[in-house]
Every structure is written in structure tokens, then in C-alpha cells.
A.B. asks: 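Next up is a structure, given as C-alpha cells.
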Amino acid sequence: MSNPLKVALIGSNGQLGSDIASHFSQSARYQLTALTRADIDIRKADEVARVLTSQKFDVVINSAAYVRVDDCEQEVETAFNVNAISALEVARACRDIGAFCVYISSDYVFRGDRPDPYTESDIPAPINIYGTSKLTGEYLVRQTAPRSLILRISSVFGKAGASGKGGNFVETMIKKAKAGEPIKVVNDIFMSPTYTYDAARLLDALLQEGASGIMHGANAGSCSWHEFASQVLRLANIQYPIEAIPALAFPTKATRPMNSAIISDRLADISTFKMRPWQEALAAYIQAR
Ligand SMILES: NC(=O)c1ccc[n+]([C@@H]2O[C@H](COP(=O)([O-])OP(=O)(O)OC[C@H]3O[C@@H](n4cnc5c(N)ncnc54)[C@H](OP(=O)(O)O)[C@@H]3O)[C@@H](O)[C@H]2O)c1
């Protein structure tokens, strides 16, 4: 067997990052350096350069982001600093050490005003600050790192959310139902849920196949948030009403794409790895939590 790839993972204690860390650290194909904010604050260009050039990394995975979509509308500078400028600094370091640069991106780069899921060849047109900052990050990475992969995921749930760090939508639904709080969820916004456990395995498969460019990596299928919430409670064996409301009745600071479902039309050509349907992924998550 060839030498393991030396991988640096930024954002290793995030929801996605922690699943990448646990999968990659158990694989003989990788020698993982898991970096938290304490090891590298990506807003500090000198720190990024110092940490990422301290070893001859083959791959740098940037899973760090400022993900609070509504707060991004006010905190525009932070959104662009973390999601775009810092991504550029990471890409520069990758260029300098000859590393392959992986940037995790989002379905929110799309406008969401059509009924079909978006593929990798669809033109992005974000409608909020978060999406715009992520798309800018994508452009800066592609422009700067000679070899890169942009992996777009969406509506993430994973065990780091379950363990209390900020939570996730699934945990919120279960908590509210158990507390007997009224639950209202929008039924006219559609998306493709992504289980971070699966996305970590997809990334492994993509690295093995030498995939580059843009890839979509959500679980298969799509649903409304109301349908997703209903399936959460069903799988958790909780009988509890969820009121379906239109997005108009639930105004948020950031405008959301009405349909940001994503699908890959590249994966089948690149790898035998398949993202399972979101219902199966959710069942696996509920069982494992
Ligand atoms: N969550 C979603 O629904 C969703 C949807 C589509 C795409 N994505 C993308 O998926 C990726 C992972 O998201 P996630 O849900 O796993 O988010 P998360 O749980 O909030 O994790 C983000 C990670 O980034 C780290 N981080 C933030 N600012 C940093 C900085 N200045 N320097 C170093 N590390 C920093 C955080 O560290 P701390 O713990 O110290 O804050 C955390 O480890 C992101 O690129 C995100 O844009 C997420």
C-alpha cells in the first residue's frame, strides 16, 4: 500500500468536520491532522500560512465557516472574512505547498426559483449574504488553488449537532416535541438533507478517485422542511402534531431559496459511491444518536 495522504482538516470540531475527522482518522489511507479554531484561526492570514506550511500536507480540507445564515445579513464583514477571504488564504497556502484544496460549500449559492434540483452545471445566483459569501469563497478557491474540489452540501444534520454544540434541526424538532412546545414548520421551502456521516464518506470516495471541480454531495431526494420534520418525529417514534405554515408566515432576516434541492450529475461517472436517500440517512442518524 502507498504512503497515506497527509490531510489537514480545518473546522474539525464542527458538525461536518467531526464526522470527517472520525472517518479519516480511522482510515489507513490518510494521516490526519485535525485542526480546531484553537490551532488555526482562519481569519488570521499569517496563522493560516504558518500552520498549513508547517508540514507537507497533500490535502487541506476547509470545513470551517460562518454558518448563521440570518446573522450574516447584519454581520456581512464576518461572513465574507470567514467564508471568502479566509478561504482565499487557505487556497494560497495550498498553492504554495502544492496541496489539493477542498472547500465545503452550500446549496445556498442557488437562487431557488425553479422546481428542479440544481446540478453542478447550473449557474449559481445567491439571494442572501451567506450564499454570496460562500459563492465568493468558491470563486477565490478555484481561481487560486491549482487543484481543488468544491463540495456543496445542504441542510446538514450530524452527531456533533446531537451532542449539543449548537444543535441541528433534527434535535430541535425532537426537543420541542418532548417539551410539548407548539411546532410550526414551513411546507413550501424545499431542500436536500445531508447527513454528515455520509458526506464524510463521499469526500473519502472523491479523494480516492481524484475528483476535482464542483461536486454536489447531499443525500438523494428532496423534501419540504415540514416533510423532513414529520419524518424526524415518525422515526423517533414521537406522535406529535406539526403545523404546516407557508414561508410568508415565518419571516426571517435572510431570504431563503424556495427550492435549493441539489443533485449530482457527476458522481455516477466518477465513483461507485452513492449517497443514500435522505430518509435512510435520517433513520441511521436517529438510530445512532
Ligand atoms: N449547516 C448547514 O446546514 C450547511 C448547509 C450547507 C453547507 N454547509 C457548509 O458545510 C460546512 C460545515 O458546516 P457545519 O454545519 O459543520 O458548521 P459548524 O458545525 O458551525 O462548523 C463550523 C466549524 O468552523 C469553525 N470555524 C468557524 N470560524 C472559524 C475560524 N475563524 N477559524 C477556524 N475555524 C472556524 C468552527 O469552530 P468553532 O467550533 O470554534 O466555532 C466549527 O468547527 C461549512 O462550509 C458550511 O458552509 C453547512
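Heavy atoms only: backbone and side chains are in, while hydrogens, waters and symmetry mates are out. First listed ligand is number 1; within each ligand, the first listed atom is number 1.
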A.B. asks: Can an N or O of G17 be found at a distance shorter than 3.5 Å from an N or O of ligand 1?
C.D. replies: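 In fact, backbone or side chain, G17 has no N or O that close.
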
A.B. asks: Once you restrict to heavy atoms under 4.0 Å, what part of R152 touches ligand 1? Side chain, backbone, both or neither.
C.D. replies: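 It is neither part, as no heavy atom is under 4.0 Å.
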
A.B. asks: Distance from K159 atom NZ to D19 atom CG, nearest 0.5 Å?
C.D. replies: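 Nearest 0.5 Å value for the NZ-CG distance: 4.0 Å.
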
A.B. asks: Taking the six-membered ring of F110 (Phe, Tyr or Trp), confirm whether the NZ or CZ of R114 is under 6.0 Å from its centre and within 45° of its axis.
C.D. replies: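 The answer is no, since R114 fails at least one limit relative to F110.
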
A.B. asks: Is it true that Y197 and F157 have ring centroids separated by less than 6.0 Å?
C.D. replies: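 Here the rings of F157 and Y197 have centres that are no less than 6.0 Å from each other.
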
A.B. asks: Determine, stepwise, if the pair W225 / F190 fulfils ring-ring contact (aromatic ring centres under 6.0 Å, His included).
C.D. replies: CA-CA 6 Å; W225 284 101; F190 296 83; over 10 Å; no

A.B. asks: Heavy atoms only, cut-off 4.0 Å: how does A65 contact ligand 1, side chain, backbone, both, or neither?
C.D. replies: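 Contact part for A65 vs ligand 1: both backbone and side chain.
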
A.B. asks: May I ask which of N62, T78, V156 has a heavy atom nearer to atom 48 (C) of ligand 1 than the others do?
C.D. replies: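 When every heavy atom of N62, T78, V156 is considered, V156 comes closest to atom 48 (C) of ligand 1.
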
A.B. asks: Can you confirm whether the side chains of N219 and D198 place a donor and an acceptor under 3.5 Å from each other?
C.D. replies: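 D198 and N219 do have a side-chain donor-acceptor pair below 3.5 Å.
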
A.B. asks: Show your working on ring-ring contact (aromatic ring centres under 6.0 Å, His included) between W278 and Y195 and close with a plain yes or no.
C.D. replies: CA-CA 8 Å; W278 66 266; Y195 185 18; over 10 Å; no

A.B. asks: Of the choices I104, I20, T196, which has the non-hydrogen atom that lies closest to atom 10 (O) of ligand 1?
C.D. replies: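 The nearest heavy atom belongs to I104.
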
A.B. asks: Pairing donors with acceptors under 3.5 angstrom, does anything connect the side chains of E73 and N128?
C.D. replies: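 The answer is no; no qualifying pair exists.
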
A.B. asks: How does N13 reach ligand 1, by side chain, by backbone, by both or by neither, if only non-hydrogen atoms under 4.0 Å count?
C.D. replies: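 Both backbone and side chain.
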
A.B. asks: Examine the proximity of ligand 1 to N168 and report which part, side chain or backbone, both or neither, has a heavy atom under 4.0 Å away.
C.D. replies: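 It is neither; nothing of N168 touches ligand 1.
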
A.B. asks: Heavy-atom contacts with I40 under 4.0 Å: which atoms of ligand 1 show up? List them by number with element.
C.D. replies: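 Every atom of ligand 1 under 4.0 Å from some heavy atom of I40: 32 (N), 33 (C).
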
A.B. asks: Answer yes or no for Y130: is there a heavy-atom contact with ligand 1 below 4.0 Å?
C.D. replies: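 Yes, that is the case, since the closest heavy atom of the residue is under 4.0 Å from the ligand.
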
A.B. asks: Against heavy atoms of G11, which atoms of ligand 1 measure under 4.0 Å?
C.D. replies: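 Listed by number with element, the hits are 43 (O).
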
A.B. asks: Looking at I42, which atoms of ligand 1 are within less than 4.0 Å of one of its heavy atoms?
C.D. replies: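 Listed by number with element: 30 (C), 31 (N), 32 (N), 33 (C).
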
A.B. asks: Counting only heavy atoms, which portion of S105 has something under 4.0 Å from ligand 1: side chain, backbone, both, or neither?
C.D. replies: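 Answer for S105: backbone.
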
A.B. asks: What pairs meet the salt bridge (Lys or Arg N to Asp or Glu O under 4.0 Å) rule with one or both residues in residues 132-158, with sequence neighbours excluded?
C.D. replies: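 Listed by first then second residue: E138-R152.
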
A.B. asks: Output the distance between atom CG (L282) and atom CZ (R234), rounded to the nearest 0.5 Å.
C.D. replies: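 Here the interatomic distance stands at 10.0 Å.
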
A.B. asks: Could you list which atoms of ligand 1 come closer than 4.0 Å to a heavy atom of S155?
C.D. replies: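 Ligand 1 atoms under the 4.0 Å threshold to S155: 3 (O), 5 (C).
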
A.B. asks: Minimum distance, heavy atoms only, to atom 27 (C) of ligand 1: which one of Q15, R37, K134 is it?
C.D. replies: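 Looking at heavy atoms only, R37 sits closest to atom 27 (C) of ligand 1.
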
A.B. asks: Mind checking whether G158 has a heavy atom under 4.0 Å from ligand 1?
C.D. replies: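 Contact absent.
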
A.B. asks: I'd like to check whether L16 has a polar contact with ligand 1, where a contact means an N/O of the residue lying under 3.5 Å from an N/O of the ligand.
C.D. replies: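 Yes - when backbone and side-chain N and O of L16 are compared with those of ligand 1, one distance drops under 3.5 Å.
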
A.B. asks: In chain order, what residues pass the side-chain contact (heavy atoms from CB on, under 4.5 Å) check against I127, with sequence neighbours excluded?
C.D. replies: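 side-chain contact (heavy atoms from CB on, under 4.5 Å) check on I127 returns R111, T255, P257.
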
A.B. asks: Does A160 approach ligand 1 within less than 4.0 angstrom via side chain, backbone, both or neither, non-hydrogen atoms only?
C.D. replies: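 For A160, there is no contact with ligand 1 at all, from either part.
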
